[in-house]
*Asks:* 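This structure is in structure tokens; I'll ask about it shortly.
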Amino acid sequence: MNKGLSCWKCGAELKGVILPLSRRELCAACGADQHVCKLCRHYDLRVADMCREDRAEQVSDKERANFCDYFDPMPGAYKPAQAAGAAAAQRQLAELFGESAASDSGPAADKDKARAELEKLFGGDKSGR
């Protein structure tokens, strides 16, 4: 069975999967491919091509299903700190540009905001010319 594996992307337990993992295996919770570099025990950000298996062919997208013959799923591949770090970076970027990271404004509100900024910059000509 699955030896306590969890999804590399969302951390959900991979219940009922049979090893070796099929190339088409998906997470039931988030739909992410599971036969991917980020779930493999050879995946390592500190080495060339991010793979410690020197005989493996290079895989360009580490989050998409691949045909690697050296794939060996690793329990504990999910790293919630990476997701938290990305969210913190996005928050800092939004603060840097004076935006609210919590607002989900959408395209219409973005257009209105851009219009207001232009009017403030160029004197607010409301005639449409």
Side-chain angles (χ1 to χ4, degrees):
M1 285 305 249
N2 72 21
K3 297 192 268 184
L5 292 176
S6 58
C7 174
W8 65 270
K9 187 171 186 177
C10 72
E13 184 180 350
L14 297 177
K15 296 180 181 178
V17 297
I18 299 171
L19 296 177
L21 281 180
S22 161
R23 180 187 176 279
R24 293 189 176 119
E25 193 70 51
L26 300 174
C27 173
C30 72
D33 291 331
Q34 295 303 301
H35 194 286
V36 300
C37 294
K38 285 193 170 185
L39 185 63
C40 183
R41 71 177 178 92
H42 299 294
Y43 180 72
D44 188 344
L45 293 172
R46 300 168 293 183
V47 297
D49 298 328
M50 294 178 239
C51 184
R52 284 182 272 137
E53 177 52 63
D54 57 352
R55 296 171 293 177
E57 291 184 30
Q58 183 177 354
V59 175
S60 59
D61 191 343
K62 308 297 186 195
E63 297 181 358
R64 302 264 332 236
N66 60 60
F67 292 100
C68 182
D69 291 331
Y70 300 98
F71 175 76
D72 186 13
M74 178 181 69
Y78 175 65
K79 306 286 188 238
Q82 290 175 346
Q90 287 176 336
R91 216 173 19 259
Q92 289 174 343
L93 186 62
E95 290 170 5
L96 178 66
F97 290 101
E99 300 172 6
S100 171
S103 70
D104 186 15
S105 53
D110 289 343
K111 184 178 178 183
D112 292 342
K113 183 178 178 182
R115 180 72 176 178
E117 291 294 323
L118 281 172
E119 289 174 359
K120 184 170 79 173
L121 183 63
F122 292 108
D125 181 6
K126 307 232 189 241
S127 67
R129 293 191 242 184

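Predicted model, so just to flag it, every value in this text is computed and none were measured.
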*Asks:* Is Arg64 atom CZ crowded by more than 12 heavy atoms from other residues, nucleotides or ligands, each under 6.0 Å away?
*Replies:*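 Atom CZ in Arg64 is not packed in, count stays at 12 or less.
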*Asks:* Do any N or O atoms from the side chain of His35 and from the backbone of Asn66 form a donor-acceptor pair under 3.5 angstrom?
*Replies:* yes
*Asks:* With heavy-atom distances below 4.5 Å as the criterion, would you say the side chains of Gln34 and Val17 are in contact?
*Replies:*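 No. Closest side-chain heavy atoms not under 4.5 Å.
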*Asks:* To the nearest 0.5 angstrom, please state how far the CD atom of Gln58 sits from the SG atom of Cys68.
*Replies:* 12.0 Å
*Asks:* In Å and rounded to the nearest 0.5 Å, what is the CD to SG distance from Glu25 to Cys7?
*Replies:*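 The SG atom of Cys7 is 10.5 Å from CD of Glu25, to the nearest 0.5 Å.
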*Asks:* Should the pair Lys113-Glu117 be classified as a salt bridge under the 4.0 Å nitrogen-to-oxygen rule?
*Replies:*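 No, this pair does not count.
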*Asks:* Given side chains that start at C-beta, do those of Glu63 and Val36 come closer than 4.5 Å, heavy atoms only?
*Replies:*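 No - every pair of side-chain heavy atoms lies 4.5 Å or more apart.
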*Asks:* Does any N or O in the side chain of Asp49 come within less than 3.5 Å of the main-chain N or O of Cys51, such that one atom is a donor and the other an acceptor?
*Replies:* no
*Asks:* With Cys40 as reference, evaluate Trp8, Tyr70, Phe71 under the side-chain contact (heavy atoms from CB on, under 4.5 Å) test and give the passing residue.
*Replies:* Phe71
*Asks:* With rounding to the nearest 0.5 Å, note down the distance linking CG in Leu14 to CG in Leu39.
*Replies:* 7.0 Å
*Asks:* Taking Arg24 for the side chain and Ala65 for the main chain, is one N or O donor matched with an acceptor at less than 3.5 Å?
*Replies:*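 No; judged by distance alone, with no hydrogens or angles, the pair does not exist.
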*Asks:* To the nearest 0.5 Å, how far apart are OG in Ser6 and NZ in Lys15?
*Replies:* 12.0 Å
*Asks:* Nearest 0.5 angstrom please: Lys79 NZ to Lys38 NZ, how far?
*Replies:*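 Result: 11.0 Å between the selected atoms.
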*Asks:* What's the shortest heavy-atom distance between Leu5 and Pro75, and which atoms?
*Replies:*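 Shortest heavy-atom separation between Leu5 and Pro75 comes out as CD2-N, 3.5 Å.
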*Asks:* Taking atom CG of Asp44 and atom SG of Cys37, what is their separation to the nearest 0.5 Å?
*Replies:* 12.0 Å
